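Keep in mind that what you see is a predicted model, and the values were worked out from it rather than measured. For the single chain, residues carry numbers from 1 onward in sequence order.
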Amino acid sequence: QDEKNFTQLVREAVHEMSGHGPKTRWAVVSLPSQETFLRMVQMPVMKNEDIKHSIKWSAEENIPLNLNEAYFDWEKISTPPDKHIDHIDVLVVAHPKKMIDTYVRALEAADVRVIAIEIGVIAAARAIISDELMGETVLIVDIGIIKTDISIYASGTVRFTSSMDIAGHSFTQSVAEKLKIGFSEAEKLKVEFGFDKGAQEGKVFEALKPVADQFIGQIADYITFYEEHDFHDHTVTKNKITKILFCGGGATTKNFIELCARKLKTDVTLANPWSRILAFPLKEIPEISYEKSLSYATAIGLALRGIDYRS
């Protein structure tokens, strides 16, 4: 039943888009990180042709899936030329076949042809990691409505992914419960006043603060975990996270970025989903606002993947 509903939603979305921009039935699709497995494996130095024959055995040792019941893909990660490393890093991503087959079947039933499938956090990183950030270790926080995706980008690829249940809905629910108001009204107060201590006698701030403290605490735990483990990060900073980028609809809550920066004592900024598309200074104004575009980082990254595929 869910598959049929999904197909109908896709049909409606395609129909709605038919009057806006180019008409296409081709799609690049993202999957939630909590339903996929991503691992960085180390292998002896060898040619790409040899990797193809050996990667399955390395994947079986590192991914908790029966690979006969999974689709998996791999990518050899480039090493900086000044690094003398006695191994190669290979990024392996695996998805349960049952899940992928369900997605593809539902999309094809809606007359949409899938040309590629990837984890959403990889697509988002493609959009927001500019050339200037390539040499850094960057934590990406994508705040959705019910989930927040966490990923860490270093040495040319995403090396760590996770997700947490604290997201936009959690903050709104806290305001609704603390102030004893409806959800819609709580959402309006969150958007308008956010973490502004001086607004509404600080009531909205105090309602949001317990959830924010928990949220920031989990981010800090991810940072500690990454920096204390060997993820074969070959950047100059060696596993040290130097920047945090926020995207997603929940990233623009007033004063939230500043609060996170103070608590985490790290450079925290909003991401730029247009970093691979629009040159600065801008010669044209996008049709949606910068704040709204933060919700589309994954979609923009998928579009960039589609352009690479078609070219």
Side-chain angles (χ1 to χ4, degrees), residues 1-14 24-43 46 48-77 88-127 140 142 144-153 157-165 231 297-299 301-310:
Q1 186 65 33
D2 288 341
E3 188 174 324
K4 290 180 180 178
N5 289 339
F6 178 63
T7 298
Q8 183 58 34
L9 287 172
V10 173
R11 282 200 183 107
E12 291 172 3
V14 171
T24 180
R25 292 289 176 171
W26 300 99
V28 183
V29 180
S30 71
L31 298 173
S33 59
Q34 61 266 29
E35 297 183 18
T36 59
F37 295 89
L38 179 149
R39 295 289 187 274
M40 186 68 66
V41 301
Q42 284 68 52
M43 301 179 68
M46 62 180 72
N48 284 355
E49 194 62 35
D50 295 326
I51 296 176
K52 291 180 183 179
H53 299 301
S54 305
I55 191 63
K56 184 176 180 180
W57 313 115
S58 294
E60 285 180 336
E61 294 174 0
N62 289 275
I63 291 179
L65 282 177
N66 180 346
L67 292 188
N68 291 323
E69 300 174 358
Y71 295 114
F72 79 98
D73 201 359
W74 59 273
E75 178 186 7
K76 180 182 175 182
I77 305 304
I88 55 174
D89 292 336
V90 181
L91 181 70
V92 180
V93 181
H95 316 272
K97 283 184 177 179
K98 184 177 180 180
M99 178 183 67
I100 296 290
D101 291 344
T102 299
Y103 270 84
V104 172
R105 190 165 55 243
L107 288 162
E108 290 186 343
D111 198 24
V112 173
R113 301 294 172 257
V114 178
I115 59 174
I117 299 175
E118 66 181 0
I119 307 178
V121 294
I122 291 180
R126 181 181 300 112
I140 301 172
D142 189 345
I145 297 174
I146 59 173
K147 287 282 185 183
T148 294
D149 284 327
I150 306 296
S151 58
I152 297 176
Y153 177 97
T157 191
V158 171
R159 291 177 175 263
F160 172 85
T161 66
S162 188
S163 65
M164 55 186 188
D165 294 331
F231 283 87
T298 298
L302 292 172
L304 290 170
R305 170 76 183 267
I307 292 171
D308 288 343
Y309 179 88
R310 296 297 294 272

Peer 1: What donor-acceptor contacts under 3.5 angstrom involve side-chain atoms of residues 102-124, with partners at least two apart or in another chain?
Peer 2:
{"unit_1": "Thr102", "atom_1": "OG1", "unit_2": "Lys98", "atom_2": "O", "d": "2.8"}
{"unit_1": "Arg105", "atom_1": "NE", "unit_2": "Glu3", "atom_2": "OE2", "d": "2.9"}
{"unit_1": "Arg105", "atom_1": "NH2", "unit_2": "Glu3", "atom_2": "OE1", "d": "3.2"}
{"unit_1": "Asp111", "atom_1": "OD1", "unit_2": "Arg113", "atom_2": "NH2", "d": "3.3"}
{"unit_1": "Glu118", "atom_1": "OE1", "unit_2": "Arg126", "atom_2": "NH2", "d": "2.9"}
{"unit_1": "Glu118", "atom_1": "OE1", "unit_2": "Arg305", "atom_2": "NH1", "d": "2.8"}
{"unit_1": "Glu118", "atom_1": "OE2", "unit_2": "Arg126", "atom_2": "NH1", "d": "2.7"}
{"unit_1": "Glu118", "atom_1": "OE2", "unit_2": "Arg126", "atom_2": "NH2", "d": "3.3"}

Peer 1: Does Ile145 CD1 have over 12 foreign heavy atoms under 6.0 Å away?
Peer 2: no
Peer 1: Give me the atom names and distance for the closest heavy-atom approach of Gly301 to Ala127.
Peer 2: N-CB, 3.8 Å
Peer 1: Taking it one step at a time, do Met40 and Val90 satisfy side chain to side chain contact (heavy atoms under 4.5 Å, CB included)?
Peer 2: CA-CA 6 Å; Met40 186 68 66; Val90 181; 5.8 Å; no
Peer 1: Would you check if Pro64 and Phe37 make a side-chain contact, meaning some heavy-atom pair closer than 4.5 Å?
Peer 2: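 Yes - at least one pair of side-chain heavy atoms lies under 4.5 Å apart.
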Peer 1: Report yes or no: does Ser54 contribute a side-chain atom to a donor-acceptor pair with the main-chain N or O of Ile51 at less than 3.5 Å?
Peer 2: no
Peer 1: Could you list all the salt bridge (charged side-chain N to carboxylate O under 4.0 Å, His left out) pairs where at least one residue sits in residues 51-61, not counting sequence neighbours?
Peer 2: Glu49-Lys52
Peer 1: Compare all side-chain heavy atoms of Asp73 with those of Val92 and state whether any distance is below 4.5 angstrom.
Peer 2: no
Peer 1: So Glu12 and Gln8, side chain to side chain contact (heavy atoms under 4.5 Å, CB included) or not? Walk me through it.
Peer 2: CA-CA 6 Å; Glu12 291 172 3; Gln8 183 58 34; 3.3 Å; yes
Peer 1: Are Tyr71 and Asp101 close enough, and set up right, to give a side chain to side chain contact (heavy atoms under 4.5 Å, CB included), and what steps lead you there?
Peer 2: CA-CA 10 Å; Tyr71 295 114; Asp101 291 344; 2.8 Å; yes
Peer 1: Side chains of Ser163 and Asp149: any donor to acceptor distance under 3.5 Å?
Peer 2: no
Peer 1: Find out whether Ile88 and Gln42 are in side-chain contact, i.e. whether some heavy atom of one side chain is under 4.5 Å from a heavy atom of the other.
Peer 2: no
Peer 1: Would you please test Phe72 and Ile55 for side chain to side chain contact (heavy atoms under 4.5 Å, CB included) and show each step?
Peer 2: CA-CA 10 Å; Phe72 79 98; Ile55 191 63; 4.0 Å; yes
Peer 1: I need the Thr7 OG1 to Asp2 CG distance, nearest 0.5 Å.
Peer 2: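 Output value for this atom pair is 10.5 Å.
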Peer 1: What residue among Leu91, Asp89, Ile152 forms side chain to side chain contact (heavy atoms under 4.5 Å, CB included) with Arg159?
Peer 2: Asp89
